[in-house]
Novice: 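The structure's right below; bear with me while I get my questions together.
None of these values were measured; they are calculated from a predicted model. Here is the naming used below: chain letters follow the sequence lines, and residue numbers restart at 1 for every chain.
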There are 2 protein chains.
Amino acid sequence: MAEPSSRRERARADTLREIKQTARRVLVDRGVDGLALRAVAREMGMTAPALYRYFDSREELVESVVVDLYGELCDQLEAVRDDVEPATPGLQLMEVARAFRTWATTHHAEFGLLFGSAGERVLPDDFRDDCARPAQEAAARFGGVFAALVARVYLEQGFPVPADDELDPALQEQLTTWCAKLPVPLPLGVMSVFLSCWIRLYGMVCMEVFGHLRFALDDAGPMFEAELHSLAEILGVADAYRPPSS
Amino acid sequence: MAEPSSRRERARADTLREIKQTARRVLVDRGVDGLALRAVAREMGMTAPALYRYFDSREELVESVVVDLYGELCDQLEAVRDDVEPATPGLQLMEVARAFRTWATTHHAEFGLLFGSAGERVLPDDFRDDCARPAQEAAARFGGVFAALVARVYLEQGFPVPADDELDPALQEQLTTWCAKLPVPLPLGVMSVFLSCWIRLYGMVCMEVFGHLRFALDDAGPMFEAELHSLAEILGVADAYRPPSS
DNA sequence: GACTGGAAGTGAACGGTGTTAGCTAACGGC
DNA sequence: GCCGTTAGCTAACACCGTTCACTTCCAGTC
């Protein structure tokens with residue numbers, strides 16, 4: 001963006017980067033609520049009030065970490081997607097879903113921050129207007145990776161979707177306004193199927209990471225694969241399902 | 001249990017009840033991380049250290065609140081279940097699922113505590129052995145309400161399930177050890193279908209409450225109903241699906 | 001080159017937190 | 001009536017987020 005930065009501006013940018021990087025490290029090895037301003041400052045040889053030159057509050061620092069994490073996660077998923085051979089959307093979807101689970105299970109604290117109830121301090125007044133805040137934007141990009149793949153599966157080979165008038169009118173309306181934001185026009189039914197799939201994937205990973213499946217399973221891997229297979233069938237790409245590569 | 005309690009024991013039990021009750025009130029109107037020992041103590045005219053006569057740590061108090069909440073939620077769901085007329089498991093399942101969503105959306109803080117990432121302080125060493133801690137037990141009862149209904153649907157009228165040998169061997173094994181704990185022997189496939197349904201229900205409610213559906217829907221109600229309908233079809237009780245009563 | 005304005009960083013402080021230690025006062029069983 | 005147990009208190013420690021006043025140092029200007 002603004003490349004012709006002065007010495008001072010470069011130093012500031014560096015510090016900002018270091019803060020976020022340190023915050024991530026603290027998050028990882030001290031947990032979500034060990035992510036304290038003072039801890040971050042201490043870790044990098046500063047004092048806590050100094051951080052207020054860079055963030056208005058702890059909340060804001062955390063949010064910026066969230067944004068960064070979404071970014072990294074998306075980069076990683078897109079890289080996985082682009083490495084799949086052959087590059088059919090069905091295969092890509094399977095691998096991206098697996099990569100998401102792998103990231104979630106190997107980044108417990110980060111996953112909790114992005115997808116759990118933590119960091120969901122809902123001040124309703126601030127929230128209604130603030131729907132376009134950066135974290136929501138980053139989350140939208142993330143959802144878009146999956147949505148785009150499902151859309152491509154539909155466009156390239158199709159799968160059964162409910163007709164518009166089979167959907168509840170209220171749902172029709174909401175899906176319509178959502179579809180209007182998409183670059184490519186799609187039947188409402190495609191979005192309802194996508195949402196349903198996304199809910200299953202999210203639910204599965206969330207339950208595993210938060211330990212809500214331990215009452216039944218001690219290793220959620222096989223169940224995840226079963227769900228994945230089932231999703232492949234729903235999307236008409238069952239033939240693209242292959243046992244996990246590793 | 002132990003009814004012949006002395007005066008002192010009764011007083012103690014009363015205080016304990018009051019603490020948990022107050023903690024719940026604080027949780028509701030101050031949020032998950034406003035649930036502070038000192039706040040609870042203040043609210044009931046005590047000092048924080050006094051609470052240590054009743055709980056070893058804040059963690060333990062929170063866990064006991066979690067257990068209570070699971071208890072209340074289960075009571076409520078069971079009451080809903082037993083009020084359904086006619087008392088067919090299909091209809092009951094639909095209404096219990098709706099009641100669960102209603103509870104979740106009207107008890108944001110409590111839901112976050114029970115089903116989110118909060119309160120998931122995972123000290124792996126403590127955890128492995130401690131799988132039978134009370135919170136896990138309470139969660140199991142909760143899952144049991146749904147599992148029992150699905151089992152009854154299967155036993156009374158059946159629904160399509162995968163054969164044992166269609167399941168991944170690792171999954172077979174885990175489901176086998178789980179099934180062994182059930183009072184009634186059931187095919188493994190039933191449990192895999194139950195888990196899949198439970199994941200969808202959990203995922204749907206979780207995403208709604210934590211705001212992860214706002215990127216697409218501003219009212220998750222219709223989508224919830226669509227999912228519910230889909231679950232009814234999977235369980236062969238689509239004829240039991242009725243539009244929401246209210 | 002001296003001057004000046006602004007930015008970065010500091011230490012002290014306020015009010016909050018969980019938790020521990022030591023004290024007091026009341027209660028229950030002998 | 002004594003005496004151990006118990007519930008509650010105060011004081012203290014170490015941590016937290018946040019604010020304020022202060023220094024220090026750098027960039028740009030006369």
Side-chain angles (χ1 to χ4, degrees), chain A residues 2 4-23 25-27 29-66 109 113 118-119 121 123 126, chain B residues 2-23 25-27 29-66 109 113 118-121 123 126:
Chain A
S5 53
S6 73
R7 222 180 94 84
R8 217 153 169 167
E9 279 169 332
R10 263 180 292 123
R12 184 180 173 83
D14 279 352
T15 312
L16 215 152
R17 225 189 327 274
E18 192 189 343
I19 293 173
K20 294 199 285 187
Q21 188 179 312
T22 310
R25 197 170 61 243
V26 172
L27 165 68
D29 50 45
R30 299 258 230 281
V32 178
D33 44 24
L35 179 43
L37 267 186
R38 289 183 127 110
V40 174
R42 202 184 310 126
E43 194 90 3
M44 54 191 286
M46 287 177 64
T47 57
L51 297 184
Y52 281 80
R53 301 282 172 191
Y54 300 88
F55 298 96
D56 283 346
S57 65
R58 183 198 114 111
E59 186 78 6
E60 206 179 278
L61 197 174
V62 171
E63 179 163 326
S64 113
V65 171
V66 166
L113 195 55
R121 311 290 152 254
L123 304 191
D126 293 12
Chain B
E3 196 47 39
S5 53
S6 73
R7 223 180 95 83
R8 217 161 176 163
E9 279 169 332
R10 262 179 293 122
R12 185 179 173 82
D14 279 352
T15 313
L16 215 152
R17 224 188 328 274
E18 191 189 344
I19 293 173
K20 294 199 285 188
Q21 186 180 313
T22 311
R25 197 170 60 241
V26 173
L27 165 67
D29 50 45
R30 299 261 229 280
V32 178
D33 44 22
L35 179 43
L37 267 186
R38 288 183 127 110
V40 174
R42 203 183 311 126
E43 194 90 5
M44 54 190 287
M46 286 178 66
T47 58
L51 297 184
Y52 281 79
R53 301 284 174 193
Y54 300 88
F55 297 95
D56 282 348
S57 65
R58 182 197 114 111
E59 187 77 7
E60 206 179 278
L61 197 173
V62 171
E63 179 164 325
S64 112
V65 170
V66 166
L113 196 55
E120 296 288 326
R121 309 290 152 256
L123 303 191
D126 294 11

Novice: Give, ordered by number, those residues of residues 34-44 of chain B having at least one heavy-atom distance below 4.0 Å to an atom of DNA chain C; if nothing qualifies, reply none.
Specialist: B:Ala36, B:Leu37, B:Arg38, B:Arg42
Novice: Atom CZ of A:Arg30 to atom C1' of D:dC15: distance rounded to whole Å?
Specialist: 12 Å
Novice: Checking the side chain of A:Glu60 only, and the main-chain atoms of A:Ser57 only, is there a donor and an acceptor separated by less than 3.5 Å?
Specialist: no
Novice: Any base atoms under 4.0 Å from A:Phe55, or only sugar-phosphate, or nothing? Heavy atoms, all strands.
Specialist: nothing
Novice: With distance as the sole test, does A:Arg58 use its side chain to make a donor-acceptor pair with the main-chain N or O of A:Leu35 at under 3.5 Å?
Specialist: yes
Novice: Below 4.5 Å, heavy atoms only, C-beta onward: do A:Ile19 and A:Phe55 meet side chain to side chain?
Specialist: yes
Novice: Just the endpoints, please: which first and last nucleotides of DNA chain C, 5' to 3', lie under 4.0 Å from a heavy atom of chain A?
Specialist: C:dG6 to C:dA13
Novice: Name the nucleic acid region contacted by B:Tyr54, choosing base, sugar-phosphate or nothing; use a 4.0 angstrom heavy-atom cut-off, strictly under.
Specialist: sugar-phosphate
Novice: Which heavy atom of B:Ala109 sits nearest to which heavy atom of B:Val32, and what is that distance?
Specialist: O-CG2, 3.8 Å
Novice: Give me the one residue out of A:Arg12, A:Arg10, A:Arg17 that meets side-chain hydrogen bond (donor to acceptor under 3.5 Å, both in side chains) with A:Asp14.
Specialist: A:Arg17
Novice: Rounded to the nearest Å, what distance is computed from the CZ atom of residue A:Arg7 to the P atom of nucleotide D:dC26?
Specialist: 8 Å
Novice: Where each residue is assigned the nucleotide of DNA chain D containing its nearest heavy atom, which of B:Arg53 and A:Pro49 is assigned the position nearer the 5′ end?
Specialist: B:Arg53
Novice: Could you tell me whether B:Arg58 contacts a base, only the sugar-phosphate backbone, or nothing, with contacts defined as non-hydrogen atoms closer than 4.0 Å?
Specialist: sugar-phosphate
Novice: Quick one: label B:Ala11 by what it contacts on the DNA or RNA (base, sugar-phosphate, nothing), any heavy atom closer than 4.0 Å.
Specialist: nothing
Novice: Which listed nucleotide (D:dT6, D:dT19, D:dA27) is nearest to the side chain of B:Arg8?
Specialist: D:dT6
Novice: Counting only heavy atoms not in A:Arg25, do more than 12 fall under 6.0 Å of its CZ?
Specialist: yes
Novice: Any side-chain heavy atom of B:Glu18 within less than 4.5 Å of one from B:Tyr54?
Specialist: no
Novice: Determine whether A:Leu37 and A:Tyr52 make a side-chain contact, defined as any pair of heavy atoms from C-beta on separated by less than 4.5 Å.
Specialist: yes
Novice: If you round to the nearest 0.5 Å, how far is CG of B:Asp56 from CG of B:Leu51?
Specialist: 12.0 Å
